[in-house]
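Both counts, for ligands and for their atoms, begin at 1 and track the order of listing. As a basis for the values below, the full set of heavy atoms in this structure was taken, side chains included, without hydrogen atoms, waters or symmetry mates. Every value quoted in this text rests on a predicted model; they were computed, and no experiment measured them.
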Amino acid sequence: MPSKVCEPRAEPSLPPTLWYRSLAAAGLYCPDVHGPARYWLTVESSFTQALRQKCRERFHVEIVREGFTPPNPEEAHRLGLAPRQLAWVREVRLCGDGQPWVLARTVIPQDCLRGHGRILRNLGNKPLGAYLFSSPEWQRGPLETGLCKPAGSRAPRLARRSLFHRQSCALLVGEYLLPTLYQAAGRV
Ligand SMILES: C=C(O[C@@H]1C=C(C(=O)O)C=C[C@H]1O)C(=O)O
């Protein structure tokens, strides 16, 4: 039995999200994807690096929660997992100049944690991307675009996610854009 199982969620930290296999498809329902968010929804390199470049002072990662818990049914389906199969789930805030800019949720099946992948349970405040993009064995799949259910002016409305593959296993990285990202990133 895994050593650390997440407590049941006190409150949903991320809004329900409808995922589309392309930005164009999502844009048919929400033209905002073609606005200031487009750059962030389409960054192919490390998202962390893109955020760092937008910072004036510093970038840091805050852990919201992480541990073994069942992914939601849609995530399990996307990862090809059996319903209610435990995975290591990591939710963080990606902060620029002291402000949360992005909420990120990564679902890591237990297969990914074997061997060198065990580091994924011990990232702490180190950005996941620093590991994934430094390991040639991890390959990113196509970016998907998410439309979040409206949940207030400070909640994310747009998101992106992609699978990262290593041999026969894959993990799912989701990034939910907060309005503060546009206010900051729009700085000249
Ligand atoms: C995958 C990346 O890692 C980033 C860092 C994360 C973390 O530390 O949990 C989660 C999502 C990403 O935005 C990246 O930088 O592209």
Atom 6 (C) of ligand 1 sits nearest the protein heavy atom Leu128 CB, 3.6 Å
Give yes or no for whether the N/O distance cutoff of 3.5 Å, strictly under, is met between Ser46 and ligand 1. yes
In sequence, state the C-alpha distance, the side-chain angles, and the governing distance for Thr106 and Leu120, and then conclude on side chain to side chain contact (heavy atoms under 4.5 Å, CB included). CA-CA 10 Å; Thr106 303; Leu120 291 165; over 6 Å; no
With respect to Phe133, determine whether any N or O atom, backbone or side chain, lies less than 3.5 Å from an N or O atom of ligand 1. no
Option nearest atom 12 (C) of ligand 1 (shortest heavy-atom distance, choices Glu175, Gln49, Arg90): Glu175
Side chain to side chain, Phe68 and Gln110, heavy atoms closer than 4.5 Å: yes
Using a strict 4.0 Å cut-off to heavy atoms of Pro127, name the atoms of ligand 1 that fall inside it. 8 (O)
Examine Leu103 and Trp19 and state if one hydrophobic cluster contains both, with Ile, Leu, Val, Met, Phe, Trp and Tyr joined whenever side-chain heavy atoms are less than 4.5 Å apart. yes
Val89 vs Ile108 side-chain heavy atoms within contact, under 4.5 Å: no
Identify the closest protein heavy atom to atom 3 (O) of ligand 1: which residue and atom is it, and at what distance? Gly129 N, 2.9 Å
Taking only heavy atoms of Leu94 into account, list the atoms of ligand 1 that are under 4.0 Å away from them. 13 (O)
So the atoms of ligand 1 within less than 4.0 Å of a heavy atom of Ala104 turn out to be 10 (C), 11 (C)
Checking ring pair (Phe, Tyr, Trp, His ring centres under 6.0 Å) for the pair Phe133/Phe164: CA distance, chi angles, key distance, verdict? CA-CA 10 Å; Phe133 285 91; Phe164 282 78; 5.8 Å; yes
Does the N or O separation between Phe47 and ligand 1 drop below 3.5 Å for any pair? yes
Between Thr17 and Pro15, is there a donor-acceptor pair closer than 3.5 Å when you use the side chain of the first and the backbone of the second? yes
For Tyr131 and Trp138, test the side chains for any donor-to-acceptor distance below 3.5 angstrom and give the result as yes or no. yes
Cys55 backbone acceptor or donor facing Asp97 side chain under 3.5 Å: no
Could you say whether the N/O atoms of Ser45 and ligand 1 ever approach to under 3.5 Å? no
Which atoms from ligand 1 have a heavy atom of Val173 less than 4.0 Å away? 11 (C)
Between Arg160 and Val43, is there a side-chain heavy-atom distance shorter than 4.5 Å? yes
Under 4.0 Å from one or more heavy atoms of Val92, ligand 1 contributes atoms 7 (C), 9 (O)
Protein heavy atom at shortest distance from atom 15 (O) of ligand 1: Thr48 OG1, 2.6 Å
